[in-house]
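Keep in mind the model is a prediction, meaning the values are calculated, not measured. Any value given below was found using the heavy atoms of this structure, including those in side chains, with hydrogens, waters and symmetry copies removed.
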Amino acid sequence: MPNMKIINLDSKYVPTPAQLSFAENVIEFGEHEPMRSEDSLAVLASEIPIFLLSAKGMDKTDRVGASSSMDFWGFYCHELPIGTSRKPAIGLCLERMIGSCKTEEELTILFAKVLIHELAHAKMTMHPGADYGPPDEFYAWMEEPMANLIVLETFDCYQRCHQHSASRRDSAPPFSTIASPLAQVRLFMEMQPDNYRLGIDLFDTGLRKAWWNIWRRYKSQFSDESKYKWIEYTKANVGKADKGKLFGKFGQQILALPVHCWEADPHFFGWIDEVKRIKSENAS
């Protein structure tokens, strides 16, 4: 179980024990990585301070440019000024989360969703190739959907683990009015801007971990042309993106990388046939 470092800066609200327990369970049972690996959600949740802010506090943080990845409910900053140093930090705004929910059960799920989304940003910094530079439009249309993809993967794994675990199958369900936490998370994502909603499309392709693993390893190496094609297609097709075309647009970005990257890296497993097809079409 992660031992989270939660620091209340100016929030009127704090997470309840039930909300914390549920978030911890989703992280524990929904994580694909070994729980003690340095980039596991559990380790990151234990190491990165989590600040609780009011809506005004969130606005102030955004104005000073402390956050490189801020949304309505929270943010992750890789180098937040803390004292005399700059450290990774997460900010959460329960005030805004409460305003987005109709019930306590919805709020419990949203709290876990937002926390894992911000931890996912931290996870995608944990590689030497993860340095991107100043965020731009392409970054927004890759980083944010990838973070939501990790959220959906985690909730999906948690839900299947809960359903099939013999020790949990006979226990009471975690919620009385929500049958599927994963389905509720999808509904919350539908409330977000289009680039966040794209994470649902990526999740529905079925080729999940490969998306964000490739992104975090090669963020700075995508060509301007492939960036433009990705933005052009995804902006026009959120919620209706064709699986084959998503593969193709991402495959074009892989082709723009040095050949040794996508031929030798095992994280490209599942993309090789698509990349070869695109390469053949381009040559003809």
If we ignore hydrogens and angles and just use 3.5 Å, is the side chain of [X] paired with the main-chain N or O of [Y] as donor and acceptor?
X: N195; Y: A140; result: yes
X: E38; Y: V43; result: no
X: S46; Y: N3; result: yes
X: N237; Y: K240; result: no
X: S11; Y: N8; result: no
X: D201; Y: G239; result: yes
X: D156; Y: L152; result: no
X: Q184; Y: E106; result: no
X: S21; Y: P17; result: no

Approximate separation, where rounding is to 0.5 Å, of [X] [atom1] and [Y] [atom2]:
X: L119; Y: I150; atom1: CG; atom2: CD1; answer: 10.0 Å
X: L187; Y: I109; atom1: CG; atom2: CD1; answer: 9.5 Å
X: E137; Y: I231; atom1: CD; atom2: CD1; answer: 4.5 Å
X: F203; Y: T205; atom1: CZ; atom2: OG1; answer: 9.0 Å
X: K102; Y: T177; atom1: NZ; atom2: OG1; answer: 11.5 Å
X: M97; Y: F72; atom1: CE; atom2: CZ; answer: 10.5 Å

| message | With side chain to side chain contact (heavy atoms under 4.5 Å, CB included) as the test, pick out the partner of L52 among I6, D10, L9, I90. | response |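 Looking at I6, D10, L9, I90, the match for L52 under the side chain to side chain contact (heavy atoms under 4.5 Å, CB included) is I6.
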
| Can you name the one residue among E143, M142, M146 that meets side chain to side chain contact (heavy atoms under 4.5 Å, CB included) with W212? |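 With W212 as partner, side chain to side chain contact (heavy atoms under 4.5 Å, CB included) holds for just one option, M146.
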
Which atom of [X] lies closest to which atom of [Y], heavy atoms considered:
X: A55; Y: C93; result: N-SG, 3.7 Å
X: A89; Y: I48; result: CA-CG2, 3.6 Å
X: L41; Y: A120; result: CD2-N, 4.3 Å
X: L115; Y: A23; result: CD2-CB, 4.1 Å
X: Y139; Y: P135; result: CD2-CB, 3.6 Å
X: Q159; Y: S180; result: NE2-OG, 3.1 Å

Is there a side-chain contact between [X] and [Y] (heavy atoms, below 4.5 Å)?
X: R217; Y: M124; result: no
X: L92; Y: F75; result: no
X: P49; Y: K87; result: no
X: L20; Y: T16; result: no
X: Y132; Y: T125; result: no
X: M58; Y: W73; result: no
X: E144; Y: Q192; result: no
X: D131; Y: S220; result: no

| Could you give all pairs that pass the salt bridge (charged side-chain N to carboxylate O under 4.0 Å, His left out) test and reach residues 185-200, with sequence neighbours left out? |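 Listed by first then second residue: R186-D204, E190-R197, D194-R197.
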
| Parallel, tilted or perpendicular: ring planes of H121 versus H117, cut at 30 and 60 degrees |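 Aromatic pair H121/H117 classed perpendicular.
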
| task | Given side chain to side chain contact (heavy atoms under 4.5 Å, CB included), test I50 with I7 step by step and report yes or no. | result | CA-CA 6 Å; I50 300 166; I7 304 162; over 6 Å; no

| task | Indicate whether the side chain of E31 and that of T154 have a donor and an acceptor atom separated by less than 3.5 Å. | result |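 No donor-acceptor contact under 3.5 Å links the two side chains.
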
| Distance only, no hydrogens: is a donor on one side chain within 3.5 Å (strictly under) of an acceptor on the other, for K113 and N148? |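 Looking only at side-chain atoms, N148 and K113 do form a donor-acceptor pair, the distance falling under 3.5 Å.
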
| request: Determine whether the aromatic ring centres of W141 and Y228 lie less than 6.0 Å apart. | output: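 No; Y228 has its ring centre 6.0 Å or more from that of W141.
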
| field | ring pair (Phe, Tyr, Trp, His ring centres under 6.0 Å) against F188, all qualifying residues, sequence neighbours excluded | value |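 Checked F188 against ring pair (Phe, Tyr, Trp, His ring centres under 6.0 Å); zero matches.
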
| request: Under the ring pair (Phe, Tyr, Trp, His ring centres under 6.0 Å) rule, collect the residues that match up with F22, sequence neighbours excluded. | output: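 Expected list: Y158, F175.
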
| Are D71 and E118 close enough, and set up right, to give a side chain to side chain contact (heavy atoms under 4.5 Å, CB included), and what steps lead you there? | CA-CA 10 Å; D71 63 38; E118 306 311 339; 3.4 Å; yes

| query | Taking it one step at a time, do E95 and K56 satisfy salt bridge (charged side-chain N to carboxylate O under 4.0 Å, His left out)? | reply | CA-CA 10 Å; E95 180 182 344; K56 288 183 178 179; over 6 Å; no

| T103 and T108: side chain to side chain contact (heavy atoms under 4.5 Å, CB included), yes or no, with the steps? | CA-CA 9 Å; T103 68; T108 297; over 6 Å; no

| said: Strictly below 4.0 Å, N to O, side chains only: are D59 and R96 in salt-bridge contact? | reply: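 Yes.
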
| Stepwise side chain to side chain contact (heavy atoms under 4.5 Å, CB included) test for W230 and F222 | CA-CA 11 Å; W230 176 261; F222 293 120; over 6 Å; no

